[in-house]
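Working notes for the structure below.
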Amino acid sequence: MQYQPNQIEAKWKRHWKENKTYKVSNSSTKPKFYILDMFPYPSGAGLHVGHPLGYIASDIYARFKTMNGFNVLHPMGFDAFGLPAEQYALQTGVHPQESTETNIKKYKSQLDNLGFNYDWERQVTTCDPSYYKWTQWIFIELFRHYYNTELNKAKPIEELVDSFEAHGSEAIKAHHSFEGSFSAEEWKQMSGKQKDEVLMNYRLAYLKEGYVNWCEALGTVLANDEVKDGLSERGGHPVEKRSMSQWALRITAYAERMLEGLESLNWSTALKTMQRNWIGRSYGAQVFFDIDGHDQKIEIFTTRPDTIFGATYMVLAPEHDLVSTLTTPAQKEEIENYIAYVNNRSERERMSDVKTVTGAFTGAYAKHPFSDEKIPIWIGEYVLKDYGTGAIMAVPSDDERDHNFATKFDLPIIPVVDQSAFPNAERGQKVGSMINSDFLNGMEVKEAIPAICQKLEDKGIGKKKVNYKLRDANFSRQRYWGEPFPIKYDKDGIAIARDFSELPLDLPEVEDYKPSKEGKSPLSKVSQWVNEGEYTKETDTMPGYAGSSWYFLRYMDANNPDEFASQEALNYWQDVDLYIGGTEHAVGHLMYSRFWHKFLFDKGLVPTNEPFKKLVNQGMIQGVIEFIYLDKKEHDGRKKFICAGLIDPEQKEAFAKIPVHVDFVSNYGSSDSYLNLEGIKKFLDWRPEYANAIFECANGVLKDGLFNSKDSAMDSNLITQSEVGKMSKRYFNVVNPDDVVAKYGADCFRLYEMFLGPIEQSKPWDTKGIDGTSKFLRKLWGLFYTENEEWAVNNESASKESLKTLHTAIKKVRNDIENLSLNTSVSAFMVCVNELKKQNCRNREILKSLLQLLAPFAPFTTEELWEKLGEEGSIHHSSYPIHDESHLIESEVTLPLSINGKKRGELTVDANTSKEDIEDMARNHEITQKWLEDKAIRKVIVVPGRMVNVVIG
RNA sequence: GCGGGUAUGAUGGAACUGGUAGACAUGCUAGACUUAGGAUCUAGUGCCGCGAGGCGUGGGGGUUCGACUCCCUCUACCCGCACCA
């Protein structure tokens, strides 16, 4: 019988589905293991060969764990709300629901094609009302809670209200954004609307008016992590700051716990560092400065309170609330002009141009808290509204930016830290001793910081403070394709959470998907939906990360209509033991999920404090982009392409790089890739706008379909420029796994992706090596069938040699899978099969174990041969082989014989020869004698079973 | 600028707690079988050298009997953050 992967795969795909081979039960006496892949967004382009890398690894691991006696949860689902489907709807009018369903179907078929062991009965789809019902439910719970900083957990908002009624704002310690304070009496006097506004400053999900990232092109606001370099992460559109009223989540309440929690997690240091940076904790002091002629104070945060005597001016962010109050009539025009200038600059401009120092003087003065001197208050772009308090005390002597600002605007500089003892220290480094600083004089910086903090507290003008860079997460999107907020407003505009019985609040149908004017979502146009008697509905929708922040919990009990997941399911599955995915979610999804999880933990709804115990970052599989050079100048009104080999590197500016579909390119992916005549023809059929172009290469010119060759060359060989980059539709370099599977089979594809290298590493896709794994599978088949395609397995007892080969492989593969070193296990399989072949081993006992060992990697082929062996049931429900050390023991060992650490020969000895005997043998060995000449043996080092080193000299 | 990571043949990569550098695979060379081969099999393949031998894991230095592995230092590339007070 011949090896025909396509037939085998079709057969077992059907069989597994019909027999529910991969169904997972929640009631089992086995230990649990939860392995998770990152939630894919089902894009219209489908999967490319890069996506399954992590899925294959997790599938292998999941199957391995199953065969080792675990009850394994390895689910899959879809992060189905999101912008691309809505953008597509805008262009084509196709309902996002419809295009999303089509895409999901395609994804599922592509995934099944690769033989993954998902239990599809547990599929989670975020846009399904039976799922987003619970997303809305969690939102309501967040809305109904505040964060108690004494108990360090979320508590019901009613407890806060009770405390306000009894004691006013001061009794309860809570994480909030409320400015000021009130007594119990004052609270009772407040109107419903006023109370609502106060409570918004405490709720974990709350409405706030503030500066947000507005993206005009997408017609929506974006969260900080959705903005990269001042452009939207999706689509690369410009983003500007705009003040709007938006829902936000108080993730900052959890900043410290999120930081602490990282310690216990088995994640890569890179990922942890990214989260730490994003949270951005810094220690310093909060100080209040009085303003000359005003009642208000300016609150600042500084990490260098010790340098306060060097503070010669203050700077507020241009958006700071006090700016309009402080500005004197004389400076009004200047300040207004400056603010207009800042508003005109896009976020991107601000970020790319950080060296230009700009600012304006408000005309107002603050009082220095120690010297009582008047110091001017400026505004400047370099002070950010979002960081700290949006205001600083400027110490030009000890801060590079303040120094630049002071130099430019001619402001005084007072040196306060003497760094002469540290000649290599830079400005601002925390070394040196204090000068010009009153009672701090003579202290080292490290002593001065606690000393000044104490003084600030004594004077009642400041205190030690921890500051976080982390901002509350923006949670509103002015888009259609997302979860509707379960919120309605009464006639006073008070936000009211819906009763749980009203969930899910379904998305209504809309006429079109365009956002309405004034930055409102398309939902605002459906008035019969928006208006609900005396109430109106919230018309924004939730962002993409809403649904993905808790999906891993739903998998535990995916079809539960009464709870987001039952307590039994949650207590059984606990948390994710292994999460595999890319780093792109480092600060987005992984932060929000941890935050939601901790909130649910506070509520006693989940048994664990962290959702993902261990996380492995898979590398990306990149594509090779093939470009051809187009001369920017036309030649007699015709466009001209030039061979990459003919271009002088210094002249590259004169040419445009046009991406070519990689299917047209010969030697695709290598350094000598080129377009032959046929390739150029295909290119012209594909891009008819270049029909009359000229193609010039080293051995001839193609013009009007005719090739005028030099040196009687037969082909054009227009060399293309190959670059490693994203695999993407726009570069025409996407490789669909279905095509590879059709040609080589899924098992071969799985083995090849694993064989490519360590899972964490990125590498360009290259089909060239796939023959290696294809040959391997055929060799494996060849152990079971003769060349004449006859069954060749016998029942004789296994040879010692074959047992050793097998058990060596078992030992290595087991260890490799545990460490996710899947590339080396593939090579171990190759070694094993090569050796068994040499031994002409056709022994049932050996081959059966080999199949079980390989089953997680090549589920189809092994299942087929398992059946052929006449075994009962699925190989995937059998037990994983365990190695027997006794088969690995050798009677003789060959040790390398080194002279001065360099291998010069070998020494074959009986396995239980004593150290002393080996040393004697080494001393008298002919190789030692040869190298000895007239020198003496100084020492002989014998590492039993390893090596012998003779030191001479 | 700050933080993290990587560097090994022509290529992807291997080497456990320091102990035979280059496993496995691709590519290449030669041969066998074949009408043919982009099938299969065999042998070879780090570099220099006829050889003995020398050199060799980004560069330089160190520790050690012995270093891809540990320490110091420099370089290049990749990723993340970035006026963070």
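Letters A, B, ... mirror the listed sequences (proteins, then strands); counts begin at 1.
Across all strands, A:I300 comes closer than 4.0 Å to no nucleic acid atom at all (heavy-atom distances). Looking at heavy-atom distances under 4.0 Å, A:V315 makes no contact with the nucleic acid at all. At the heavy-atom level, A:L756 lies under 4.0 Å from the strands shown only through sugar-phosphate atoms. Here A:K812 lies out of heavy-atom contact (under 4.0 Å) with every strand. Using a 4.0 Å heavy-atom criterion, one finds that A:N834 contacts the sugar-phosphate atoms exclusively. Using a 4.0 Å heavy-atom criterion, one finds that A:M274 contacts the sugar-phosphate atoms exclusively. In this structure, A:R281 reaches neither bases nor backbone, as no heavy-atom distance under 4.0 Å exists between it and the strands shown. Across all strands shown, A:K385 has no heavy atoms under 4.0 Å from either base or sugar-phosphate atoms.
For the pair A:D771 CG and B:rG12 C1', the computed distance is 14 Å after rounding to whole Å. Per the geometry, OH belonging to A:Y387 stands 17 Å off P belonging to B:rC81, to the nearest Å. Between the P atom of B:rA14 and the CG atom of A:D816 lies a distance of 11 Å, rounded to the nearest Å. Distance A:I279 CD1 to B:rC2 P: 23 Å, rounded to the nearest Å. In this structure, A:W267 atom CH2 and B:rG80 atom P are separated by 18 Å, rounded to whole Å. Summarising the geometry, the separation between CD on A:E400 and C1' on B:rG1 is reported as 11 Å, rounded to the nearest angstrom. A:L271 places its CG atom 10 Å from the C1' atom of B:rG80, with the value rounded to the nearest Å. When the C1' atom of B:rC65 is taken as reference, atom CZ of A:R946 falls 17 Å away, rounded to whole Å.
Interface remark: the A:N949 side chain does form a donor-acceptor pair with the B:rC65 base, using a distance-only criterion of under 3.5 Å. Looking at A:R471, its side chain has no donor and acceptor atom pair within 3.5 Å of the base of B:rC84.
Comparing the same atom, C1', in B:rG66 and in B:rA21 gives a spacing of 14 Å after rounding to whole Å. One C1' atom belongs to B:rC16, the other to B:rA67, and the distance between them is 16 Å to the nearest Å. B:rU29 and B:rC78: their C1' atoms are spaced 36 Å apart (whole Å). Taking atom C1' in both B:rA14 and B:rA52, the straight-line distance is 31 Å, to the nearest Å. With C1' as the reference atom, B:rG18 and B:rU26 are 31 Å apart, rounded to whole Å. Rounded to whole Å, the separation between the P atoms of B:rC24 and B:rA15 comes to 13 Å. With C1' as the reference atom, B:rG58 and B:rG5 are 15 Å apart, rounded to whole Å.
Nearest nucleotide to the side chain of A:L384, out of B:rG12, B:rA14, B:rC84: B:rC84. Closest to the A:N277 side chain, of the nucleotides B:rC83, B:rG80, B:rG5, is B:rG80. Checking B:rA85, B:rC24, B:rC84 against every side-chain atom of A:S827, the shortest atom distance belongs to B:rC24.
For B:rG13, one of the phosphate oxygens OP1 or OP2 lies less than 4.0 angstrom from a side-chain nitrogen or oxygen of A:Q761. For B:rA25, the OP1/OP2 oxygens have no side-chain nitrogen or oxygen of A:K768 closer than 4.0 Å. At B:rG1, none of the side-chain N or O atoms of A:R427 fall inside 4.0 Å of OP1 or OP2 (strictly under the cut-off). Between A:K939 and the phosphate of B:rG66, there is no side-chain N or O to OP1/OP2 separation shorter than 4.0 Å. OP1 or OP2 of B:rA14 has at least one side-chain nitrogen or oxygen of A:N823 nearer than 4.0 Å. For B:rC84, one of the phosphate oxygens OP1 or OP2 lies less than 4.0 angstrom from a side-chain nitrogen or oxygen of A:R401. The side chain of A:R778 contributes an N or O atom lying less than 4.0 Å from OP1 or OP2 of B:rU40. When the side-chain nitrogen and oxygen atoms of A:K775 are compared with OP1 and OP2 of B:rG38, none of them lie within a distance under 4.0 Å.
Consecutive Watson-Crick or G-U pairs involving RNA chain B, each under 3.5 Å on both distances, make up stems of three or more pairs at B:1-7 with B:75-81, B:10-12 with B:24-26, B:27-32 with B:40-45, B:46-48 with B:53-55, B:58-62 with B:70-74.
One N or O on the side chain of A:R471 and one on the backbone of A:D386 form a donor-acceptor pair closer than 3.5 Å. Between the A:D399 side chain and the A:R401 main chain, a donor and an acceptor come within less than 3.5 Å of each other. Counting only distance, with no hydrogens or angles, the side chain of A:N823 and the backbone of A:F755 share no donor-acceptor pair below 3.5 Å. Here the side chain of A:R427 pairs a donor or acceptor atom with the backbone of A:S397 at under 3.5 angstrom. Although no hydrogens or angles enter the test, the distance criterion places a donor-acceptor pair under 3.5 Å between the side chain of A:D472 and the main chain of A:T252. Although no hydrogens or angles enter the test, the distance criterion places a donor-acceptor pair under 3.5 Å between the side chain of A:Q275 and the main chain of A:A586.
Base orientation of B:rG9: syn, the glycosidic angle falling within 90° of 0.
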A:Y752/A:Y744 under ring-ring contact (aromatic ring centres under 6.0 Å, His included): CA gap, chis, key distance, verdict: CA-CA 10 Å; A:Y752 182 57; A:Y744 296 95; 8.4 Å; no

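For the residue pair A:T805/A:Q839, the side-chain donor-acceptor check at 3.5 Å is satisfied. Counting only N and O atoms by type, the side chains of A:T389 and A:E299 include no donor and acceptor under 3.5 Å apart.
For the pairing with A:W378, the side chain to side chain contact (heavy atoms under 4.5 Å, CB included) check across A:T362, A:L316, A:V383, A:L411 returns one residue only, A:L411.
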